[in-house]
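Down below is the structure, laid out as structure tokens.
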Amino acid sequence: MNHTQAWCWHAPGEPTQLTLADLPLAPLAPDEVLVANRVIAFNPVDWKLIEYGHSNWQDGQVPGVDGMGTIVALGANVSHLRLGARVAYHTDLRHHGSFARHTKVPARALLPVPDALSDEAAAALPCPGLTAWQALAKLPRLHGEALLITGAGSSVGRFAVQLALQQGARVFASASSRHHHWLKQIGVQGVADYRDPDWLATLQAANGNEPFEGIIDLVSSQQAESLLPALGYYGHMVTVLGRIPHNPLPAFSHCH
């Protein structure tokens, strides 16, 4: 196979400005595989890069960080994978991505897709799932600890809630009301609507008015900063959408 079709980026703008084109496929590197895509995902990072561009992108770049498909070719050094296997992947933003019929992916970056998982669910997993996993990995302990997750109805939030519950955390969550039934059903101890002015007080009350040991904020660095007083003395804050630029707390007050 020496060519494919792909949606190509030409300049900062809207996704509707991508153009469909025939592209040559360069030979596989020894440690790469070629995936025939079945489903591609559209993540926030995708539309942001389409809108603003990337320092490594040139005219004709193929966007897309996540996809799912079957392996149709193996590099010379790839012996642990088989043709036809269902896989999902998260690509390197510097190279052509998933918005194509075929994508070259390093063999080490593939995720095997279980038979019970749909193509769509597999394609939707890598970016939000890995983001949630990385956020939780930054917390030193979870079992039995009170953890607040904001934006819990988002894709990252839903993964973070389920992973935290699996690790034994006592989870409290803010989310739109349409997500409350599901969150309660899977074991979240306290749920509040972020549009309620008293949502944080509601969740603190659900935690017995004790401080949270950890907070994963999926909204903004401004909100994350405002939530720091809700943490315990050695509490941990993980921000996903922007860093807190400085320590806003008085010296000798808390050690976050």
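Side chains are part of it too, since the values below use all heavy atoms of this structure and drop only hydrogens, waters and symmetry mates. Keep in mind the model is a prediction, meaning the values are calculated, not measured.
Contact of the Ile50 side chain with the Pro63 side chain is registered, since non-hydrogen atoms from C-beta on lie closer than 4.5 Å. Counting heavy atoms from C-beta on, the side chains of Thr150 and Ile216 never come closer than 4.5 Å. Side chains of Leu165 and Val161 form a contact here, defined as non-hydrogen atoms less than 4.5 Å apart. Counting heavy atoms from C-beta outward, Leu147 and Ile215 have side chains that stay 4.5 Å or more apart. Using a 4.5 Å cut-off on side-chain heavy atoms (C-beta onward), Glu225 and His246 make contact. Contact of the His256 side chain with the Leu228 side chain is registered, since non-hydrogen atoms from C-beta on lie closer than 4.5 Å. Asn207 places a side-chain heavy atom less than 4.5 Å from the side chain of Phe212. Between Cys127 and Asn43 there is a side-chain heavy-atom pair separated by less than 4.5 Å.
For the pair Arg94 and Trp57, the cation-pi test (distance below 6.0 Å, angle within 45°) is failed.
Using a distance-only test at 3.5 Å, with no hydrogens or angles considered, no donor-acceptor pair links the side chain of Thr4 to the main chain of Asp22. Checked by atom type and distance alone, the side chain of His181 never pairs as donor or acceptor with a backbone atom of His179 at under 3.5 Å. Under a 3.5 Å cut-off, the side chain of Gln61 and the backbone N or O of His95 do form a donor-acceptor pair. Judged by distance alone, with hydrogens and angles left aside, the side-chain atoms of Trp182 form no donor-acceptor pair with the main-chain N or O of Lys184 at under 3.5 Å.
In this structure, Leu200 CG and Ser174 OG are separated by 9.0 Å, a value rounded to the nearest 0.5 Å. Taking CD1 of Ile71 as the reference point, atom CG of Leu110 lies at 5.5 Å (rounded to 0.5 Å). Atom OG1 of residue Thr239 and atom CD of residue Gln222 lie 10.5 Å apart, to the nearest 0.5 angstrom. Between atom CG of residue Leu139 and atom CD of residue Gln167 there is a gap of 9.0 Å, rounded to the nearest 0.5 Å. Rounding to the nearest 0.5 Å gives a distance of 11.0 Å between CG of Asn77 and CD of Glu32. The structure places CG of Leu142 at 12.0 Å from CZ of Arg170, a figure rounded to the nearest 0.5 Å.
When the side chains of ILVMFWY residues are joined at heavy-atom separations under 4.5 Å, either directly or via intervening members, Trp199 and Leu218 end up in two distinct hydrophobic clusters. Transitive grouping of hydrophobic side chains (ILVMFWY, heavy atoms separated by less than 4.5 Å) keeps Tyr194 and Val238 in distinct clusters. Using a 4.5 Å cut-off between side-chain heavy atoms of Ile, Leu, Val, Met, Phe, Trp and Tyr, with links allowed through other members, Leu111 and Leu83 fall into different hydrophobic clusters. A single hydrophobic cluster is seen to contain both Trp47 and Leu49, as judged by linkage of ILVMFWY side chains at heavy-atom distances under 4.5 Å, directly or through other members. A continuous path of hydrophobic side-chain contacts links Val65 to Val62 [ILVMFWY only; heavy atoms under 4.5 Å].
For the pair Arg86 and Pro114, the tightest heavy-atom approach, listed with the atom from each and the gap, is NH1-O, 3.0 Å. Taking all atoms of both residues into account, the shortest heavy-atom contact from Gln17 to His10 is O-CD2, 4.2 Å. Closest approach of Val171 and Ala164 over heavy atoms only: CG2-CB, 3.8 Å. Taking every heavy atom of both residues into account, Ala160 and Ala132 meet most closely at N-CB, 3.5 Å. Of all non-hydrogen atoms in Phe99 and Ala41, the two that sit nearest each other are CE1-O, 3.5 Å. Nearest heavy-atom pair across Leu93 and His54 is CB-NE2, 4.3 Å.
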Worked check of side chain to side chain contact (heavy atoms under 4.5 Å, CB included) between Asn37 and Met68: CA-CA 6 Å; Asn37 293 312; Met68 176 276 165; over 6 Å; no
Evaluation steps, side chain to side chain contact (heavy atoms under 4.5 Å, CB included), between His102 and Val35: CA-CA 5 Å; His102 300 87; Val35 177; over 6 Å; no
Leu28 and Leu74: CA distance, side-chain angles, deciding distance, side chain to side chain contact (heavy atoms under 4.5 Å, CB included) verdict: CA-CA 8 Å; Leu28 289 175; Leu74 303 172; 5.7 Å; no
Working for side chain to side chain contact (heavy atoms under 4.5 Å, CB included), residues His3 and Leu25: CA-CA 5 Å; His3 71 280; Leu25 278 173; 5.7 Å; no
Chi angles and distances behind the side chain to side chain donor-acceptor pair (under 3.5 Å) call for His96, Thr103: CA-CA 7 Å; His96 286 326; Thr103 304; over 6 Å; no
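In this model, a donor atom of one side chain and an acceptor atom of the other lie less than 3.5 Å apart for Asp217 and Gln223. A donor atom on one side chain and an acceptor atom on the other are found under 3.5 Å apart for Asp66 and His90.
The environment of OH in Tyr233 is crowded: more than 12 heavy-atom neighbours from other residues, nucleotides or ligands sit within 6.0 Å. Atom CZ of Arg101 has 12 or fewer heavy atoms from other residues, nucleotides or ligands within 6.0 Å. Residue-environment remark: CZ (Arg178) stays at or below the threshold of 12 foreign heavy atoms within 6.0 Å.
Classification of Arg141 and Glu213 as a salt-bridged pair holds, one side-chain N sitting under 4.0 Å from a carboxylate O.
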